[in-house]
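Basis for what follows: all heavy atoms, side chains included, without hydrogens, waters or symmetry-related copies. Atoms within a ligand are numbered from 1 in the order they appear, just like the ligands themselves.
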Amino acid sequence: MRSAKDFFAPLAVGAPAPAREVPARPSRMIHFFDPSNPKMAAKVPDMVGVADVLLGNLEDAVVADKKEAAREGLVQIAKDVDFGEHTQLWTRVNALDSPWVLDDLTTLVTQIGDKLDVVMVPKVQGPEDIHYVDRLLAQLEAKGGVQRPIMVHAILETARGMANVEAIAGASPRMQGISLGPADLAADRRMKTTRVGGGHPGYLVRQDPSKGADGTPDYQGQRTVFQQDLWHYTIARMVDACAMHGIFPFYGPFGDIKDVVACEDQFRNAFLLGCVGAWSLHPVQIDIAKKVFSPSAEDVAHAREVRDAMPSGGGAVMIDGKMEDDASYKQCMVILELAERLSANDPELAKLYAEA
Ligand SMILES: CC(C)(COP(=O)(O)OP(=O)(O)OC[C@H]1O[C@@H](n2cnc3c(N)ncnc32)[C@H](O)[C@@H]1OP(=O)(O)O)[C@@H](O)C(=O)NCCC(=O)NCCSC(=O)C[C@H](O)C(=O)O
Ligand SMILES: [Mg+2]
């Protein structure tokens, strides 16, 4: 581990100084596109200003013989498209044990480093993976004359990564955030699921049996079942690790594109637990994420009421029959800060909140 005093020193001569604070830009959805797919690539310019983050994916979902085309396609898109002030450009590079990742990083950083906000690293196992990427990025930034540090985002998709999540979150000042990768994590953990994120009807709790006419439990009678959230523990632990290190947690993919209702539920669970965004795999998921990861007008109105009733941020007051105190005030400030940040990018939301 680096000493505290060296933590913010550049890792290569000529590399930009690491950021002292993670840029808190709206990132409600990280929208995945395959730069080697001409139809998807053609849609990128129209998605600027619509999606908070556009991510050129080079890893899974891009077949081996398209890896180079995807990398070159992303370079071209980054050179041709103006991403403006409100849309970030990210990439997901190939895994660190793959034959492609070195060329991914070398090409992208030296050719389009100034346009890349964040590099997402899949299948991160421990802080040593982040240290490797950290040093390499610094060397490449120096070589390419990149002016600002490229941030790093880790995907949590192995049992070892999960066990090391706190160390990963604090491994470098480049760490921007962590996403849950439920499909790879399920496989690595040997979970008996076959889906990309979301719940499972078999993971449930069943109501106790009622008593039959003879006073004994009626095991065959009607009993309500409640489907449980397979990802609760993982997301909650990831959120704590991120909060502890001042970086941002994200839910990952929801593969059932047609089930927009369950997608919204999964995203909302993550939002309520502390995540700032989720991945969108298809254009239809962009608006779901936008809706879910923006506080509701009612929550903003309530948060303002609490803030205004407690100008010093302390004490105890009653609002609508409920006690509010320093702790609920702090929760309200989280909502108001998020609303303010999102409003700065989104005039429709700004109007909604102004009228709330
Ligand atoms: C899921 C898809 C394969 C579906 O594609 P398709 O069958 O073409 O859908 P549609 O016909 O409904 O598409 C309508 C039009 O929209 C375009 N489209 C589709 N998806 C995107 C997109 N992501 N960005 C931009 N444009 C998109 C289509 O081309 C159609 O265009 P047109 O014909 O001109 O009208 C597809 O959506 C897809 O491949 N999505 C991305 C998948 C992906 O990135 N997967 C990797 C991330 S998830 C993961 O890696 C797991 C994770 O790591 C873990 O371990 O959990
Ligand atoms: Mg994965």
Problem set entry | Distance-only side-chain donor-acceptor flag, R189 / T234, under 3.5 Å | yes
Exercise. Are K66 and D34 ion-paired here, with the side-chain N under 4.0 Å from a carboxylate O?
Worked result: no
Seminar exercise, completed: Closest to atom 53 (O) of ligand 1 (heavy atoms only, candidates K123, K258, E59, R92) is R92
Problem set entry | Ion pair check, E324 and R307, cut-off under 4.0 Å | no
Exercise. Between K123 and E59, does at least one N-O distance fall below 4.0 Å, as a salt bridge requires?
Worked result: yes
Exercise. Is atom 8 (O) of ligand 1 in close reach of the protein, with a heavy atom under 4.0 Å away?
Worked result: no
Exercise. Looking only at heavy atoms, is any part of A183 under 4.0 Å from ligand 1, and if so is it the side chain, the backbone, or both, or is it neither?
Worked result: both
Seminar exercise, completed: the protein heavy atom lying closest to atom 17 (C) of ligand 1 turns out to be K43 CE, 3.9 Å
Exercise. What protein heavy atom sits nearest atom 51 (C) of ligand 1, and how far away is it?
Worked result: P253 CG, 3.9 Å
Exercise. Nearest protein heavy atom to atom 55 (O) of ligand 1: under 4.0 Å?
Worked result: yes
Exercise. When you check the gap from the basic side-chain N to the acidic O, do E264 and K290 get nearer than 4.0 Å?
Worked result: no
Seminar exercise, completed: Nearest non-hydrogen contact to atom 1 (C) of ligand 1 from the set D34, L185, V284, I257 belongs to I257
Exercise. For V300, which of L352, L349, L336 qualifies under side chain to side chain contact (heavy atoms under 4.5 Å, CB included)?
Worked result: L336
For this session: Indicate whether atom 48 (S) of ligand 1 is within a distance of less than 4.0 angstrom of some protein heavy atom.
Result: yes
Problem set entry | Distance-only N or O hit between ligand 1 and V196, under 3.5 Å | no
For this session: Say whether V109 and V101 are linked into one hydrophobic cluster, either directly or through other cluster members, by side-chain heavy-atom distances under 4.5 angstrom.
Result: yes
Problem set entry | Interfacing atoms of ligand 1 (cut-off 4.0 Å, heavy-atom, A61) | 43 (C), 45 (N), 46 (C)
Problem set entry | D184: its N/O/S atom lying closest to the Mg ion (ligand 2) (atom name) | OD2
Problem set entry | Ring geometry between F293 and F267 (parallel below 30°, tilted from 30 to 60°, perpendicular above 60°) | tilted
Problem set entry | Donor-acceptor side-chain pairing of H200 and T193 below 3.5 angstrom | no
Exercise. L55 and side chain to side chain contact (heavy atoms under 4.5 Å, CB included): which partner among M29, M120, Q88, H31?
Worked result: M120
For this session: If you have a sec, work out which protein heavy atom is nearest atom 37 (O) of ligand 1 and how many Å separate them, to one decimal?
Result: L281 O, 3.2 Å
For this session: Specify which N/O/S atom of E157 comes nearest to the Mg ion (ligand 2), by atom name.
Result: OE1
Exercise. Considering only heavy atoms of W279, which atoms of ligand 1 have at least one such atom less than 4.0 Å away?
Worked result: 48 (S), 49 (C), 52 (C), 53 (O)
Exercise. Can you list the atoms of ligand 1 that are under 4.0 Å from a heavy atom of D60?
Worked result: 46 (C)
For this session: Tell me yes or no: between the side chains of H131 and S172, is some donor less than 3.5 Å from an acceptor?
Result: no
Exercise. Where is the nearest protein heavy atom to atom 18 (N) of ligand 1: which residue, which atom, and how far?
Worked result: P283 CD, 3.8 Å
Exercise. What is the nearest protein non-hydrogen atom to atom 38 (C) of ligand 1, stated with its residue, atom name and distance?
Worked result: M40 CE, 3.4 Å
For this session: Quick one: look up the protein heavy atom nearest atom 11 (O) of ligand 1 and list residue, atom name and how far away it is.
Result: H282 NE2, 4.9 Å
For this session: State whether D134 and R2 are salt-bridged, where the test is any N-O pair (Lys NZ or Arg NE/NH1/NH2 against Asp/Glu carboxylate O) under 4.0 Å.
Result: yes
Exercise. Are K115 and D82 close enough for a salt bridge, meaning some N to O gap below 4.0 Å?
Worked result: no
Exercise. Judged by non-hydrogen atoms, does P182 sit under 4.0 Å from ligand 1?
Worked result: yes
Problem set entry | Protein contact of atom 24 (N) of ligand 1 - nearest heavy atom, named by residue and atom, plus distance | H31 NE2, 2.8 Å
For this session: Kindly state if atom 45 (N) of ligand 1 has a protein heavy atom within a strict 4.0 Å cut-off, that is, under 4.0 Å?
Result: yes
For this session: Return yes when at least one protein heavy atom is under 4.0 Å from atom 41 (C) of ligand 1, and no when none is.
Result: yes
For this session: Kindly indicate whether atom 5 (O) of ligand 1 is approached by any protein heavy atom to under 4.0 angstrom.
Result: no
Exercise. W90 vs H153 aromatic rings, parallel, tilted or perpendicular, using cut-offs 30° and 60°?
Worked result: tilted
For this session: Name the closest protein heavy atom to atom 33 (O) of ligand 1, giving the residue it belongs to and the distance to 0.1 Å.
Result: K39 NZ, 3.0 Å
